[in-house]
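Numbers for residues simply follow the sequence, beginning at 1. Just follow the structure's listing: the first ligand is 1, and inside any ligand the first atom is 1. Reckoned from all heavy atoms, side chains included, excluding hydrogens, waters and symmetry mates. This structure is a prediction, so every number in the text was calculated from the model and none was measured.
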Amino acid sequence: MPSERSTYDLVIAANRLPVDRVTADDGTVEIRRSPGGLVTAMESVMRDHDGAWVGWAGETGDAPEPFDDGGIHLHPVGLSAEDVAFYYEGFSNDTLWPIYHDVIVPASFHRDWWQAYQRVNQRFAEAVAALAAPGATVWVHDYQLQLVPAMLRRLRPDVRIGWFDHIPFPPVELFAQLPWRSQLLEGLLGADFLGFQRQADARNFVRACRQLLQARTKRDLVHVEGSSRTVRAAAIPISVDFKGLERLAKQPEVMARSAQIRESLGNPKVLMLGVDRLDYTKGIRHRLKAYEELLVEGRFSPPDVTLVQVATPSRERVGAYRTLRGEIEQTVGRINGEYSRIGAPAVHYLHHSYPREEMAALFQAADVMLVTPLRDGMNLVAKEYVTCRHDLGGALVLSEFTGAWHELHQAFACNPHDIEGLKQAMVRAVNTPAKDRQRIMQALRRRVSDHDVQRWAARYLAALRSAPDRPRLEQVA
Ligand code: ADQ
């Protein structure tokens, strides 16, 4: 049942709604939690606010009617098959995503993708404008919706607009490749406050405004030319629901399941784990290469050591993702062909999406968690892993190219491009005495528990409220 309300004091806009409505062949409708880090983080925040969430419901065609789920008013935006191909798979994931992640694969530039990006951003802005109460707070999310702040400001100058970047913001040398770089910056400058994962991301944005728009800037402030407005850009790193997830991980059933997982893997001395969306940014190939070399050199050998790699297929209609999947499957096949024994595979490769309980059990079962992205805005998996290790067991191998590394310095750091270095970090994680590992885990857990997702949201909303230059309602009436 949709709620009776028609406008809201807090409106979230994100590409996806937190749940997908999936219509089966027999016409029955199923509500399914949609994948990814943004939803994981924002879901727990929205439960504490009476707000609305604007986003795509996961199926092409006309938007389904608004509906409520778990106390959140969900307002679907419709995307046609062409919108999905051009705005989402094209411009968002094949133009912006590679540019914002160090061009690990080349970016594609197509003018009709850009047209679709503008069109869909306008649709989101209009949906938000219709739902926001006078003077409401609007929180726009991520790289798919960078034009929404300015579009919304034109429609509703009375609302407070924030945007949060879940992925890195690239150095100006890379950002400058985008044919539509000025329009993207101007789109973002429609906001009152822009939040980033790392200080370096916020600095990259301010520098891009200075160099590409000739904007006047001072520290974390950008003056918007031709207006009296000033926009603040600062780092507010995202986190996890520490208390909620820890509580889940402490449930006896979850702990029993964790023991059962180890048992079914033949109780290896060392269980290594990787959990990623199947994305070239996540460094899965580098991780497998390091692991394979350790097997070749006889420093690791199954069944004493085994690797579980959970890789959720993602964006499968984008060429680079299909290629990556093929490469990874080939590598896993080669490693298993060479090093598995009957009943003891060297790599367990899993494509499934798991409920939170199963993820928590997996984290608890793993002696070494491998988080080795080539570039990652934050990486919530690293924070979820330490949250679940209330037993102080386990070790986290963490790439320096994740936002998480800037907060979790005590982890076993690695540069995934340096395969020798990555191998050493994996071996160190295994060989460090348990007492030292526990000390490290305690420090990591303290950081995440002090900086959880609730604190992130509170800090974000406070920064948005106190951002400079709040337009007054009476001025715009
Ligand atoms: P993602 O790139 O999706 O997020 P990440 O931060 O690791 O990456 O979040 C993935 C989420 O999905 C985690 O909560 C994880 O537990 C969950 N998950 C992964 N595989 C799963 C599976 N098989 N079954 C169930 N759950 C699974 C983007 C950015 C990140 C940033 C987040 C949040 O790319 O850098 O940390 O947004 O801002």
Quick test of your reading of the structure: of [options], whose heavy atom lies closest to [atom]?
{"atom": "atom 7 (O) of ligand 1", "options": "L245, T281, T402, L380", "answer": "L380"}
{"atom": "atom 30 (C) of ligand 1", "options": "D376, D276, V240", "answer": "D376"}
{"atom": "atom 2 (O) of ligand 1", "options": "R277, H141, M378, R375", "answer": "R277"}
{"atom": "atom 16 (O) of ligand 1", "options": "E358, E384, H101, H166", "answer": "E384"}

Just checking, R16 and W53: is the charged tip under 6.0 Å from the six-membered ring centre and within 45° of the axis?
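Output no; distance or angle outside limits.
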
With Y100, the ring pair (Phe, Tyr, Trp, His ring centres under 6.0 Å) member among Y143, F169, F196, F205
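The single option meeting the ring pair (Phe, Tyr, Trp, His ring centres under 6.0 Å) with Y100 is F169.
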
Given 3.5 Å as the limit, does a donor-acceptor pair link the side chain of S399 with the main chain of N415, or not?
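No, S399 side chain to N415 backbone: no donor-acceptor pair under 3.5 Å.
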
Under 4.0 Å from a heavy atom of [X]: which atoms of ligand 1 are those, numbered in the order shown and with their elements?
{"X": "W97", "result": "34 (O)"}
{"X": "V275", "result": "19 (C), 20 (N)"}
{"X": "K282", "result": "1 (P), 2 (O), 7 (O), 8 (O)"}
{"X": "G377", "result": "35 (O)"}
{"X": "V381", "result": "7 (O), 15 (C)"}

Could you tell me whether some N/O pair between [X] and ligand 1 is separated by less than 3.5 angstrom?
{"X": "T312", "answer": "yes"}
{"X": "Y354", "answer": "yes"}
{"X": "F164", "answer": "no"}
{"X": "I167", "answer": "no"}
{"X": "V310", "answer": "no"}
{"X": "Q197", "answer": "yes"}

Please output the side-chain donor-acceptor pairs of residues 364-377 that fall under 3.5 Å, not counting sequence neighbours, one pair per line with the distance.
from: Q364; atom 1: NE2; to: A249; atom 2: O; distance (Å): 2.6
from: Q364; atom 1: NE2; to: C388; atom 2: O; distance (Å): 3.4
from: Q364; atom 1: NE2; to: H390; atom 2: NE2; distance (Å): 3.0
from: D367; atom 1: OD1; to: R262; atom 2: NH1; distance (Å): 3.3
from: D367; atom 1: OD2; to: R262; atom 2: NH1; distance (Å): 3.0
from: D367; atom 1: OD2; to: R262; atom 2: NH2; distance (Å): 3.2
from: D367; atom 1: OD2; to: L271; atom 2: N; distance (Å): 2.7
from: T372; atom 1: OG1; to: G283; atom 2: O; distance (Å): 3.2
from: T372; atom 1: OG1; to: R287; atom 2: NE; distance (Å): 2.9
from: T372; atom 1: OG1; to: R287; atom 2: NH2; distance (Å): 3.2
from: R375; atom 1: NE; to: D102; atom 2: OD2; distance (Å): 3.1
from: R375; atom 1: NH2; to: D102; atom 2: OD2; distance (Å): 3.4
from: D376; atom 1: OD1; to: K282; atom 2: NZ; distance (Å): 3.4
from: D376; atom 1: OD2; to: K282; atom 2: NZ; distance (Å): 2.9
from: D376; atom 1: OD2; to: N379; atom 2: ND2; distance (Å): 2.9

Near-ring test [Y]/[X], centroid separation under 6.0 angstrom:
{"X": "F164", "Y": "W456", "result": "yes"}
{"X": "W114", "Y": "H110", "result": "no"}
{"X": "W163", "Y": "F193", "result": "no"}

Are more than 12 heavy atoms from other residues, nucleotides or ligands located less than 6.0 Å from atom CZ of R455?
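More than 12 heavy atoms, drawn from other residues, nucleotides or ligands, come within 6.0 Å of this atom.
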
Is the closest heavy-atom distance from [X] to ligand 1 below 4.0 Å?
{"X": "Y385", "result": "no"}
{"X": "H352", "result": "yes"}
{"X": "H351", "result": "no"}

Y354 vs H352 aromatic rings, parallel, tilted or perpendicular, using cut-offs 30° and 60°?
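Geometry flag for H352 against Y354: perpendicular rings.
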
Looking at residues at least two apart in the chain, or sitting in another chain, which of them share a salt bridge (charged side-chain N to carboxylate O under 4.0 Å, His left out) with R325?
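Counting only residues at least two positions away or on another chain, R325 forms a salt bridge (charged side-chain N to carboxylate O under 4.0 Å, His left out) with E316, E329.
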
Do the side chains of E292 and L288 get nearer than 4.5 Å, heavy atoms only?
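L288 does not reach E292 side chain to side chain.
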
